[in-house]
Amino acid sequence: MSQPQPVRGTHDLLPEDFRRHAHVRDTARDIAARFGYSEMATPIFEFTEVFARTMGETSDVVSKEMYSFESRSGESMTLRPEYTAGICRSFISNGLQQNVPFKVFANGPMFRYERPQKGRQRQFHQIDLECIGSDDPKADVEVIAVGAAILQSLGVLDRCRLQINTLGDRESRQAYRDALVEYFSAYKDKLSADSLTRLTKNPLRILDSKDKGDQALVEGAPEFDDYLNDHSKAFFASVLEGLDQLGISYDLNRRLVRGLDYYTHTAFEFVTTDLGAQGALIAGGRYDGLIEALGGKPTPGIGWAGGMERLALMLEGMPQAPRPVAVVPIGEVAEKMALALAHDLRLGGEMIEMSFKGNVGKRMKQANKANAWAAILIGEDELARNVCTFRNLDEGSQEEIPLDQITAKLQQYR
C-alpha cells in the first residue's frame, strides 16, 4: 500500500505553521474586539442557494469552484467558499434586524476548487469582518480602519497599499452598466468567450478580465466616475475624508470593481507586491443589496475578508512559542511527587514540560529541546527536606526553594 498523502490543494498546519496562523487570527480577533466587533461562526456548509444567489450563478466561484454535494434527503449543499453570505443568511434566519449595527468578526476554513498556488489552496482560511445595518459612510471608514490596524499590528501595513474605488448607488451603477454594454457590444468579435458571456449578465466583470485582448479593450472603456450622481460622489468624498482624518493613505483605482449588482459605493483592497500575482491581502466593499437578494428586508452592509495563508506568508520572523518550565525528578522515589507537582502547577496556569522517563541527563536534554526557560529538580534528598532545586536555564543560576513557595517563585518571572 502506498504511503498516504494529503488531498491536492490541502496542507497540514504543523505546529510552526499553526503558530503563524494563530498569530494572524488572534491579532485580528483582538483588533476587531477593540472596534466593537463580536466573534461569531456559521456552519461550514450551507444550502447551495445561499452562495448561488449571493455570488452570482455565472461567477467563476459558483460555476467552477464550489464544492457542492447532494445530501441524503436530496438537497444541494455546498462547503462555504466565503463567509459573508453565511453571516447575512444568519442575520436573516435569527431575526437580528433589531440588533443593528450588527458588527461581527469571524474566521475559519473555506473551500474552492481552483489551481493550487502560493498563498492559495483548495481548503484555505480567512478572517472576516462585517458591519450590517448602517448606510453611513463612517461605517465604511471604520471597516477599512480595522483592516489597516490589523495589518499594522502584524507588521505588514508598510508593505501594502490600500486601493479604493466607488461603485456608486444603484442608479449610478445601472447607468454605468448600460454604458459598458453599449461600448463592449461594438467589440463582440474581439472579446474573450468569458467576457462575451459577462456582457449580458455581468458586464462590470469584464473590467477585471485577465485576458490580454480584453484588457486592451478595457483601456478605452467608459470611466465609472462619469456616471456617478451627486449622492454617490458625496458618499465617496465622505469616505475619503474619513480616511484622511485617520491618516490612512490610499490610491484611487477606477478599475477596481465588484461584478454583482448588490455591491454599491465603496470597494477596496489592501494589496502587496511581495507575493507575486496573489497580492490582495484584505478585500471588501459595501453590499447594500445582498440581504435583500437573500430574501431579507433591504439592509445595508459592508465588510471584508482576508486570506490567512497570505497574511501568514507576509509575517517577518516566527511568532515566539510559549516557553515551558521543566519538572525533572531524580530517581524513582521522586517520580510520584514530581508528577503531582507538575499537575498542580499546570492547574495553576503554568506551562510544564515533564518527560515520561529517562535519567536526569536525558530529561534535561528534553527540556532544552522544548526550549524550557527553567527547570525544577526534585530528588530523594530534596523530598526529605521538603524543597526543590530551581534552575534558571537562561541565567545559568540555581537555588533551593521550599516546595510550597515554588508557585510564587515562578510568578515572579511572569
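Everything numeric in this text was worked out from a predicted model, so none of it was measured.
Side-chain atoms of E400 and F390, non-hydrogen and from C-beta on, never get closer than 4.5 Å to each other. Side-chain contact between S355 and K362 is absent, with no heavy atoms from C-beta onward closer than 4.5 Å. L240 has its side chain within reach of F236: a pair of non-hydrogen atoms, C-beta onward, lies under 4.5 Å apart. The shortest distance between side-chain heavy atoms of V271 and L281 does not fall below 4.5 Å. Side-chain atoms of T166 and F268, non-hydrogen and from C-beta on, never get closer than 4.5 Å to each other. The closest side-chain heavy-atom distance from L393 to N368 is below 4.5 Å. At least one side-chain heavy atom of L191 sits under 4.5 Å from a side-chain heavy atom of L199. Contact annotation: the side chain of I282 never approaches that of L162 to less than 4.5 Å [non-hydrogen atoms, C-beta and beyond].
Annotation for R255 and A221: closest pair NH2-O, 3.5 Å, computed over non-hydrogen atoms. A pairwise comparison of heavy atoms in C88 and L294 identifies CB-CD1, 3.7 Å as the closest pair. In terms of heavy atoms, C131 sits closest to K103 at SG-CG, 3.9 Å. The nearest pair of heavy atoms linking E269 to A283 is CG-CB, 3.6 Å. Taking each heavy atom of I127 and L311 in turn, the nearest pair found is CD1-CD1, 3.8 Å. Taking both residues in full, the closest heavy atoms of M308 and H21 are given as CE-O, 3.4 Å, listed atom of the first, atom of the second, then distance.
Here the straight-line distance linking atom OG1 of T266 with atom CG of D140 works out to 3.5 Å at 0.5 Å rounding. Taking CD from E65 and CE from M110, the interatomic distance works out to 14.5 Å, rounded to the nearest 0.5 Å. Summarising the geometry, atom CG belonging to L313 is positioned 10.5 Å from atom CG belonging to D274; distances are rounded to the nearest 0.5 Å. Between F356 atom CZ and Q366 atom CD the span is 9.5 Å, to the nearest 0.5 Å. In this structure, S76 OG and E70 CD are separated by 7.5 Å, a value rounded to the nearest 0.5 Å. Separation of atoms CE (M351) and CG (L410) is listed at 13.0 Å; rounding is to 0.5 Å.
The 12-atom threshold is not exceeded at CG of D230, counting heavy atoms of other residues, nucleotides or ligands nearer than 6.0 Å. Around the CZ atom of F45, the shell of radius 6.0 Å holds no more than 12 heavy atoms that belong to other residues, nucleotides or ligands. Heavy-atom contacts from other residues, nucleotides or ligands closer than 6.0 Å to CD of E380 number 12 or fewer.
Checked by atom type and distance alone, the side chain of E82 pairs as donor or acceptor with a backbone atom of A85 at under 3.5 Å. Of the possible polar contacts, none joining the W304 side chain to the I144 backbone as a donor-acceptor pair under 3.5 Å is found. The backbone N or O of G168 sits nowhere less than 3.5 Å from a side-chain atom of T264 that would complete a donor-acceptor pair. Side-chain atoms of N359 come within 3.5 Å of backbone atoms of G361 as a donor-acceptor pair (strictly under, hydrogens ignored). Under a 3.5 Å cut-off, the side chain of Q121 and the backbone N or O of Q123 do not form any donor-acceptor pair. Although no hydrogens or angles enter the test, the distance criterion places no donor-acceptor pair under 3.5 Å between the side chain of R258 and the main chain of Y263. Judged by distance alone, with hydrogens and angles left aside, the side-chain atoms of N94 form no donor-acceptor pair with the main-chain N or O of L96 at under 3.5 Å. A donor-acceptor pair under 3.5 Å links the side-chain atoms of Q215 to the main chain of S209, judged by distance alone. The backbone N or O of R363 lies less than 3.5 Å from no partner atom in the side chain of K357, so there is not a single donor-acceptor pair. Panel note: side chain S238, backbone A234; a donor-acceptor pair is recorded below 3.5 Å.
Between the side chains of D211 and S192, no donor-acceptor pair of N or O atoms lies under 3.5 Å. Residues D169 and S172 have side chains that bring a donor and an acceptor to within less than 3.5 angstrom of each other. Side chains of Y37 and E142: a donor on one and an acceptor on the other come within 3.5 Å. Y83 and N107 share no side-chain donor-acceptor pair at under 3.5 Å. In the model, N392 has no side-chain atom that pairs as donor or acceptor with a side-chain atom of S397 under 3.5 Å. Side-chain N/O atoms of T78 and E46 include no donor and acceptor closer than 3.5 Å. In the model, N229 has a side-chain atom that pairs as donor or acceptor with a side-chain atom of S232 under 3.5 Å. The closest side-chain donor-acceptor pair between R161 and S249 falls under 3.5 angstrom.
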Exercise for review: Determine, step by step, whether I291 and I132 satisfy the side-chain contact (heavy atoms from CB on, under 4.5 Å) criterion, reporting the C-alpha distance in whole Å, the side-chain angles of both residues, the deciding distance to 0.1 Å, and the verdict.
Suggested key: CA-CA 9 Å; I291 289 180; I132 300 174; 3.5 Å; yes

**Study point:** Chi angles and distances behind the side-chain contact (heavy atoms from CB on, under 4.5 Å) call for I406, L341
**Key:** CA-CA 10 Å; I406 190 61; L341 176 63; 4.1 Å; yes

Point to revise | Candidate pair D244 and Y250, rule side-chain hydrogen bond (donor to acceptor under 3.5 Å, both in side chains), full reasoning | key: CA-CA 9 Å; D244 290 337; Y250 54 82; 3.1 Å; yes

Practice item. Walk me through it: do R112 and M66 pass the test side-chain contact (heavy atoms from CB on, under 4.5 Å)? Key: CA-CA 5 Å; R112 293 188 188 183; M66 292 203 313; over 6 Å; no

**Study point:** side-chain contact (heavy atoms from CB on, under 4.5 Å) between M40 and I87, intermediate numbers included
**Key:** CA-CA 9 Å; M40 71 168 292; I87 289 176; 4.2 Å; yes

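Figure legend: R122 and F124 shown without cation-pi pairing, the cationic atom not lying both under 6.0 angstrom from the six-membered ring centre and within 45 degrees of its axis.
For F224 and Y176, the gap between ring centers is short of 6.0 Å. Ring-centre distance between Y413 and W373: below the 6.0 Å cut-off.
Classification of K297 and E292 as a salt-bridged pair fails, no side-chain N sitting under 4.0 Å from a carboxylate O. Salt bridge status for K409 with E399: present, with a side-chain N to carboxylate O gap under 4.0 Å. A salt bridge links R323 and D394; the closest N-O separation between the charged side-chain nitrogens and carboxylate oxygens is under 4.0 Å.
Screening Y113, Y67, F51 for a side chain to side chain contact (heavy atoms under 4.5 Å, CB included) involving L79 leaves a single residue, Y67.
Using cut-offs of 30° and 60° on the angle between ring planes, the pair F91 and F102 is tilted.
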